[in-house]
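Report on the following structure.
Quick note: numbers below take in every heavy atom, side chains included, and nothing from hydrogens, waters or symmetry partners. Just so you know, these numbers come straight off a predicted model, no measurement behind them.
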Amino acid sequence: MTQAASPPQTSDQNGLSSPATRADLFALFDRLGITHHTMDHRPVFTVEEGADIKAAMPGGHTKNLFLKDKDGSFFLVCALGQTQVRLNQLHKTLGCARLSFGSETHLHELLGVTPGSVTLFALINDPQGRVTLVLDEALLAAEPINFHPLKNDATTAVSQADLAVFIRHWGGAVYCCDFSGETPQAKPWSSPA
């Protein structure tokens, strides 16, 4: 697995580093040979709010949940918008402590995004792999797949093959999870060739 290079970092007036921008993300896509198509739109905060956007863009549309377990481990669950994610059962299959939503502070610190803009592409801001990625099996059957490009005022489509390139480049721990039953079933993700 190729370890991700650190994302471009800039410093604000307080000397704190800033997370990657949409331009940084697209520059990484270009370096990795990832084909992407983006549609700008009004900010959307829930799956339901973006119904017209989904109608205009083919493929799988996502919901993304930033979670923390009681022991301090962090998870990013990326699922199809209509998938029911049973948080009260998920920890059992992941072998972690009980899960709850992560704080806005941790979200910004680890993934560099704000609530409403949680996206798989935010892993560009986690080159150390501090967050574990959990992918919905149903999502991995969609083509193309759509995520926000770090802010919720646009949607970017990539192919499954290119998504795998991005995930391999990031290099952190990844699980694939079947959410279709009463109890989710997770297994380590096998990257397509």
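- Residues meeting the side chain to side chain contact (heavy atoms under 4.5 Å, CB included) test with Ser103, sequence neighbours left out: Thr105, His106.
- Applying the side-chain hydrogen bond (donor to acceptor under 3.5 Å, both in side chains) rule to Ser180 yields the partners Asp178; only residues at least two apart in sequence or on another chain are considered.
- Between Asp71 and Arg98 no salt bridge is recorded (no basic side-chain N to carboxylate O distance below 4.0 Å).
- For the side-chain hydrogen bond (donor to acceptor under 3.5 Å, both in side chains) test, no residue two or more places apart in sequence or in another chain qualifies with Asp153.
- Aromatic pair Tyr175/Phe75: ring centres not closer than 6.0 Å.
- Two rings, from His36 and Phe26, have their centers less than 6.0 Å apart.
- In this structure, Val165 is a member of the same hydrophobic cluster as Ile167, with clusters built from ILVMFWY side-chain heavy atoms closer than 4.5 Å.
- Proximity of Trp170 to Asn125: side-chain heavy atoms (C-beta onward) are nowhere separated by under 4.5 Å.
- Side chain of Thr62 to backbone of Phe147: no donor-acceptor contact under 3.5 angstrom is found.
- A distance-only check finds no donor-acceptor pair linking the side chain of Thr83 to the backbone of Val85 [under 3.5 Å].
- Using a 3.5 Å distance cut-off with no hydrogens or angles, the side chains of Thr114 and His108 do not pair a donor with an acceptor.
- Under the 6.0 Å cut-off for aromatic ring centres, Phe66 and Phe101 do not qualify, their centroids lying 6.0 Å or more apart.
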